[in-house]
J.: 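Before we start, here is the structure in question, set down as C-alpha cells.
Start at 1 with the first residue, then count along the sequence.
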Amino acid sequence: MKNNTTLFLTLLATALSLSACDKKPAPAPAAPPAAQAPAAAATPTPAVSVSDAERAELQRKMDLARKAAEYINDPKSQWASAATAGPGASSEGAQSAVGAVDEREWSAKGVAGIDWLEAEFPKPVSATEVRVAVSYGMKTIAQLELQDTTGAWHTVWSGVSEEPNTDATLTWWVRRFDKTPYTVQRVKVSMAAIGGGRAIDAVQLVGE
C-alpha cells in the first residue's frame, strides 16, 4: 500500500509540473498612447496693402481693357477691308491697318507736313462714330473726313486731339457725331508730322 501511495504522489507531482510548463505568461499590459503635442496654430497671411493711388491705377487699366473689348465686339461696327496711304508711307504698308486689331500697323514716315490713311469699308452706312486704334502719335491726329458713295468728302472733325496717351498696347481715338444724312464708304485720318512716331493698327466705322 505504501508503495502505491508513493507512486501516485509521484505521478501527480509530475503531471502538475508538466501542466505548469504548458502555460504561457500573460502579456504585459499595453503602454498608454503617448500624448500628442497640440498642432501649431497657422500663421495668418498678412493682408497686402494697396494704396488708394495704386487701386485707382488698377481700376483705370481695367476700364481701358473693358472699353477695348466693348469696341471690338460692337455688332454695329465694321473694320476696314482695304486701305491706302498718303506720301508718308506706301499703300502696301497701309494694308497693315486692314481688319481688326492685330498688332500690325501702318506707320507714317513723312518728316514734314501731313500724312494720311484712307480706310475703305465693305458696307456703306449712315455713320455715327469712327474709332481709330492708335499705336503711337495720338496727339498728332489732325483731321477726320468721311467719303460718301458719290465720292464727295466731308470733314467731321479737325483740331487738336485732347485724348491722353495711355500705357495700354493701343489707345483708342474716338469721334462721335450726329448720324450722317449720307452713307459713308471711306474714312480718312490725317496725322501731322510734329515729332515722334505715328502708327495706326486698325480703323473702325460705326453706323447702320
J.: Of all heavy-atom pairs between S126 and K179, which one has the smallest distance, and what is that distance?
T.: CB-CE, 3.6 Å
J.: Quick one: are V203 and L117 in side-chain contact, heavy atoms under 4.5 Å?
T.: yes
J.: Provide the closest heavy-atom pair for Q78 versus F121 in the form atom of the first, atom of the second, distance.
T.: O-CE2, 3.4 Å
J.: Looking at every heavy atom in both I114 and S190, which two are closest together, and how far apart are they?
T.: CG2-CB, 3.7 Å
J.: Hey, is the main chain of A69 close enough, under 3.5 Å, to the side chain of N73 for a donor-acceptor pair?
T.: yes
J.: Is any side-chain heavy atom of V125 closer than 4.5 Å to a side-chain heavy atom of E208?
T.: no
J.: Take Y71 and V174 through the side-chain contact (heavy atoms from CB on, under 4.5 Å) test and state the conclusion after the steps.
T.: CA-CA 10 Å; Y71 291 159; V174 179; 3.6 Å; yes
J.: Donor-acceptor check, side chain of D201 to backbone of D102, threshold 3.5 angstrom: yes or no?
T.: yes
J.: Keeping the roles fixed (side chain from T140, backbone from M191), state whether a donor-acceptor pair exists under 3.5 Å.
T.: no
J.: How many angstroms lie between atom OG1 of T155 and atom CG of L146, to the nearest 0.5 angstrom?
T.: 8.5 Å
J.: Got a sec, which residues hit ring pair (Phe, Tyr, Trp, His ring centres under 6.0 Å) with W157, two or more places apart in sequence or on another chain?
T.: W173
J.: Between E118, R186, E120, which is the residue that forms a side-chain hydrogen bond (donor to acceptor under 3.5 Å, both in side chains) with Q147?
T.: R186
J.: Please tell me whether V98 and W172 are part of a single hydrophobic cluster in this structure, the criterion being side-chain heavy atoms less than 4.5 Å apart.
T.: no
J.: Do E105 and S96 have a side chain donor and acceptor closer than 3.5 Å?
T.: no
J.: Apply the test side-chain contact (heavy atoms from CB on, under 4.5 Å) to residues S77 and R131: give CA-CA distance (whole Å), side-chain angles for both, the deciding distance (0.1 Å), then the verdict.
T.: CA-CA 9 Å; S77 68; R131 302 166 184 156; 4.1 Å; yes
J.: What is the minimum heavy-atom distance between A97 and I200, and which atoms define it?
T.: CB-O, 4.0 Å
J.: Work out which heavy atom in W106 is nearest to a heavy atom in A85; give both atom names and the distance.
T.: NE1-CB, 3.4 Å
J.: Which is it for W79 and V101 under the side-chain contact (heavy atoms from CB on, under 4.5 Å) test, yes or no, and what are the steps along the way?
T.: CA-CA 9 Å; W79 303 100; V101 172; 4.0 Å; yes
J.: Among all residues two or more places apart in sequence or in another chain, which pass the side chain to side chain donor-acceptor pair (under 3.5 Å) test with E145?
T.: Q143
J.: Looking at residues at least two apart in the chain, or sitting in another chain, which of them share a side chain to side chain donor-acceptor pair (under 3.5 Å) with D148?
T.: T150, H154
J.: Tell me whether V206 shares a hydrophobic cluster with V187, the cluster being built from Ile, Leu, Val, Met, Phe, Trp, Tyr side chains joined at under 4.5 Å.
T.: no
J.: Can you see which heavy atom on K188 is nearest to which on W153, and at what distance?
T.: CB-CZ3, 3.5 Å
J.: Please answer: with hydrophobic residues joined when any side-chain heavy atoms are less than 4.5 Å apart, are Y182 and F177 in the same cluster?
T.: yes
J.: Can you list the steps and then say if S161 with M138 is a side-chain contact (heavy atoms from CB on, under 4.5 Å)?
T.: CA-CA 7 Å; S161 176; M138 170 71 77; 4.1 Å; yes
